[in-house]
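Report on the structure given below.
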Amino acid sequence: MTNNIEQQIRTACAAAVKELYNADMEAASIAVERTNKDQIGDYTVVVFPLLRVSKKKPEETANDLGAYLQANVPQVSGFSVIKGFLNLSLTDSFWIETLGSALHNHEYGKGTPTGQKITVEYCGPNTNKPLHLGHIRNMLLGYSVASILEFAGNEVSKVNIYNDRGIAICKSMLAWQQFGNGETPESSGIKGDHLVGKYYVVFDKKYKEQVEQLKAEGLTEDEAKKKAPIQLEVQAMLLKWEAGDAETIALWKQMNDWVYAGFQVTFDKMGVDFDRDYFESETYLLGRDLVLEGLASGVFFKKEDGSIWVDLTDKGLDQKVLLRSDGTSVYLTQDLGTADLRYDHYHMDRNVYVVADEQNYHFKVLQLTLEKLGKPYAAGIYHLSYGLVELPHGRMKSREGNVVDADDLIREMVAAAKAQTLELGKLENPESEEAEELFRTIGMGALKYFMLRVDPKKKMLFNPEESIDLQGQTGPFVQYSYARIQSIKTKVGDIKIELPANYTLSALEKEVLIELYQYPAIIQESARNFDPSVVASYTYNLAKTFNKFYVDHSIANAETPEAKHLRLGLADLTAKVLAGAFKLLGIDVPERM
RNA sequence: GGUCGCGUAGCUCAGCUGGAUAGAGCAUCUGCCUUCUAAGCAGACGGUCAUGGGUUCGAAUCCCGUCGCGAUCACCA
């Protein structure tokens, strides 16, 4: 299934135009698409664009072209013309050969090496609180986009960036120091990231109390916010951190280590991983050096107060600060440093950032600023900008307390999968470790598919109360289709599939074949657009098509040995493609369910 | 206000590099388990593709305007 029949048809059409009408037409400009399912045929050529050169009516043109293709393209067995649409039928032997070669290919769908090196940065958590629903979408997108890019033929590295410094983590540190009584993950049994998050909330609570107190004493809101004792203390702590105060650094390290241990548990449950970690505490100084270099070379400029800026007004953007007047770094400074360090590490052609679309402006600025610095990798930056996950009551914002915790959600999904599975009552040993594994597979499959099936750039709605369906267009639907095929295979036993040389395909058999044939193109499309939803939709379509075939045709007890072998081959390839595609989405498939 | 994005069935989403009567799932209703797993299959119901114009043989898809929703325009990250 490597040489693409659609491409062959296009090329032949171009040749036909040359021969029949003595005109030149680019093969790529000819519209070849799959025939509508209520028409006879496999592929359709839209002939309207050719009328300009044929100077004939649509039907005549289509007939000319159809006759030419039938005579010159061996795979074309016949054609029919409806209005300006030329519907081509391909020979059954073409489809069967195509199935045979795909079955022999152990990595069917894998792209040829592109030589491109790509880094994918995703997750990017702050180290002052646990992961939430937004991180889940981010992690799923990042992990699957990386997998898809790699399968499409690129050399891919996954990286994470920890926002491990700044005022936020100091808030947790301070609150723990003052109110924690030495509580640790071990002493409390609380997961490290949740423990640190707990003190972040404590800080906020105390801060608000103090502000109210000061307001009661007659201060204005703004004054109260500035003068709250705990606020002054946290600012002092940040300065001590920046100055490298040993005690502060030790506390910072301890609390961050708790968070990393906690995150790792969540990463494992999510099934995501990283080839390398970056820490802003290690890159913000590199960024500062870059800014100073830029200032020295005249790319940036300094204002009277000492702050350093980049002027992007020539690009339709604003002036942006790169270093504060006190010489400290801003968000952008760190990202400059991280980008530069990453290029040292990888020399990548593309640097993909999986970050929510609220930061579109930031990434434009980052890219243009690196461009101004003359960095060769600036052009390779791609911001995979995804929409926020909204809850029924509106947008998710942690400071409004309307947060869905990642660990909670994972637990609930697995519990929902368990309840549903037990209700169906198909399990032999509901208490076994194998059963628990199955609940995890189904629950995570439902969650991951739910989030990956929508176009990344669109915001999406998540309704935790209604939970997530396990029927219909869902992960478990695809998993179930896979499990049924595995069941047939164990029933039939280990027989060598020999595809028949002469066989007349049924309509449903052919539908499955055509669907399977799309897979390599789907991978390329998904990679080109950095869009896992392309693969997700495809798996559903394939499973759906296969299920139709499955209920209508007997496989193990097929009417003839030829039919049995062909259908086993079809089932086998379908299972391989479903499992392979799901792997790219980070979703497991169960052998039984 | 400037910039960017979005608006398709009651709900959640496909389709958007222009092509045939706009597709799924959920929900509601109706059938199908003595033959490979019914987490399935078949069917019914449901749409002025926000709106007005334009380009085209042809527009949900491209262009312009309008309305609605969101993000962003911090010496926050």
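Heavy-atom basis, side chains included; hydrogens, waters and symmetry copies ignored.
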Residues of residues 30-50 of chain A with any non-hydrogen atom less than 4.0 angstrom from an atom of RNA chain B: list those, numerically ordered, please.
A/N36, A/D38, A/Q39, A/T44, A/V46, A/F48, A/P49
Indicate, with a heavy-atom threshold strictly under 4.0 Å, whether A/M593 touches base, sugar-phosphate, or nothing.
base
Centroid-to-centroid, A/F549 to A/F546, below 6.0 Å?
yes
Hey, does the side chain of A/T11 reach the backbone of A/Q7 with a donor-acceptor pair shorter than 3.5 angstrom?
yes
Please work out whether the ring planes of A/F462 and A/F450 are parallel, tilted or perpendicular, with thresholds of 30° and 60°.
perpendicular
Take atom C1' in B/C49 and the same atom in B/C6, then report the distance between them in whole Å.
14 Å
Considering every strand and a 4.0 Å limit on heavy-atom distances, what is the contact class for A/H553: base, sugar-phosphate, or nothing?
base
Say we look at B/A22 and B/G54: how far apart would their C1' atoms be, to the nearest angstrom?
22 Å
Return no unless some side-chain N or O of A/R324 is found under 4.0 Å from OP1 or OP2 of B/C76.
yes
Once you round it to whole Å, what is the distance between C1' of B/A77 and NE2 of A/H132?
12 Å
Can you list the steps and then say if A/H362 with A/K320 is a side-chain contact (heavy atoms from CB on, under 4.5 Å)?
CA-CA 10 Å; A/H362 170 77; A/K320 297 293 294 183; over 6 Å; no
Distance-only donor-acceptor test (3.5 Å): side chain A/N541, base B/A14
no
Look for any protein N or O under 3.5 Å of an N or O in nucleotides 25-28 of chain B and output each such pair with its distance, or none.
{"residue": "B/G25", "atom": "OP1", "partner": "A/K544", "partner atom": "NZ", "Å": "3.0"}
{"residue": "B/G25", "atom": "O2'", "partner": "A/Q473", "partner atom": "N", "Å": "3.2"}

State, with a plain yes or no, whether a side-chain heavy atom of A/R592 is found less than 4.5 Å away from one of A/E428.
yes
Side-chain donor-acceptor pair present, A/D42, A/T35, cut-off under 3.5 Å
no
Donor-acceptor pair, distance only, cut-off 3.5 Å: does the side chain of A/Y353 make one with the backbone of A/S385?
no
Between atom CG in A/L51 and atom C1' in B/G19, what is the gap in whole Å?
12 Å
Starting at the 5' end of RNA chain B, write a dot or bracket for each base, bracketing those in Watson-Crick or G-U wobble pairs whose two distances are under 3.5 Å and using | for partners on another strand.
(((((((..((((.....[...)))).(((((.......))))).....(((((..]....))))))))))))....
Check the distance between B/G1's P and A/D318's CG and give it to me in whole angstrom.
17 Å
Could you check how far CG of A/L86 sits from C1' of B/G19, rounded to whole Å?
14 Å
Treating A/R567 as the side-chain partner and A/S554 as the backbone partner, does any N or O pair qualify as donor plus acceptor under 3.5 Å?
yes
Taking salt bridge (Lys or Arg N to Asp or Glu O under 4.0 Å) as the criterion, tell me which of A/K544, A/R34, A/K37 meets it with A/E515.
A/R34
Across all chains, not counting sequence neighbours, the ring pair (Phe, Tyr, Trp, His ring centres under 6.0 Å) partners of A/F85 are A/F48
Side-chain N or O of A/N547 less than 4.0 angstrom from OP1 or OP2 on B/C41?
yes
Backbone N or O of A/A536 within a donor-acceptor pair of the A/R453 side chain at under 3.5 Å?
no
When the P atoms of B/G18 and B/G46 are considered, how many whole Å apart are they?
33 Å
Under 4.0 Å, heavy atoms only, any strand: does A/L461 hit a base, just the sugar-phosphate, or nothing?
sugar-phosphate
Taking any heavy-atom pair under 4.0 Å as a contact, classify A/I442: base, sugar-phosphate, or nothing.
base
From C-beta outward on A/I555, which listed nucleotide comes closest to its side chain: B/C36, B/A20, B/A39?
B/C36
With a non-hydrogen cut-off below 4.0 angstrom, is A/Y361 in contact with a base, only sugar-phosphate, or nothing?
sugar-phosphate
Using atom CE of A/M460 as one end and atom C1' of B/A14 as the other, report the distance to the nearest whole Å.
14 Å
Examine B/C41: is either OP1 or OP2 under 4.0 Å from a nitrogen or oxygen in the side chain of A/R484? Give yes or no.
no
Can you check the distance between B/A50 and B/A9, where both ends of the measurement are the P atom (answer in whole Å)?
8 Å
With a centroid cutoff of 5.5 Å and a plane-angle limit of 30°, would you call A/Y331 stacked on B/C76?
no
How far does the P atom of B/G15 sit from the matching atom of B/U34, given to the nearest Å?
40 Å
Euclidean distance for P, B/A39 against B/A27 (whole angstrom):
14 Å
Got a salt bridge between A/D222 and A/K226, using NZ or NE/NH1/NH2 to carboxylate O under 4.0 Å?
no
Determine the contact category for A/D335: base if any of its heavy atoms lies under 4.0 Å from a base atom, sugar-phosphate if only primed atoms, P, OP1 or OP2 are that close, otherwise nothing.
nothing
Between B/G40 and A/F477, is there a base-stacking contact, meaning the centre of the base's six-membered ring lies under 5.5 Å from the residue's ring centre while the planes stay under 30° apart?
no
When the distance from CG of A/L238 to C1' of B/C76 is rounded to whole Å, what number comes out?
12 Å
Choose from B/A39, B/C41, B/A20 the nucleotide whose nearest atom is closest to any side-chain atom of A/I82.
B/A20
Earlier contact from the 5' end, RNA chain B, for A/K83 and A/A417:
A/K83
Please report the distance separating the C1' of B/U21 from the corresponding atom of B/U17, rounded so that it comes out in whole Å.
24 Å
A/K225/A/E221 ion pair, N-O < 4.0 Å
yes
For atom NE2 of A/H362 and atom P of B/U72, their distance in whole Å
14 Å
Just by modelled atom types, is the A/G124 backbone N or O under 3.5 Å from a matching donor or acceptor in the A/N163 side chain?
yes
Classified by glycosidic angle (syn within 90° of 0, else anti), B/C33 comes out syn
Atom-pair distance (CE on A/M451; P on B/U12), nearest Å:
15 Å
Taking the six-membered ring for Trp, are A/Y540 and A/Y449 closer than 6.0 Å centroid to centroid?
no
Specify the residue among A/E280 and A/F549 whose closest nucleotide of RNA chain B lies further upstream toward the 5′ end.
A/F549
With rounding to whole Å, what would you report as the distance between B/G2 and B/A59 at their C1' atoms?
31 Å
Which atoms of nucleotides 4-10 of chain B (N or O only) lie under 3.5 Å from a protein N or O atom, and what are those distances?
{"residue": "B/G7", "atom": "OP1", "partner": "A/K458", "partner atom": "NZ", "Å": "3.4"}

Under 3.5 Å, side chain of A/N138 to main-chain N/O of A/A356, donor-acceptor pair present?
no
For A/Y162, give me all partners under ring pair (Phe, Tyr, Trp, His ring centres under 6.0 Å), at least two apart in sequence or on another chain.
A/Y260, A/F279
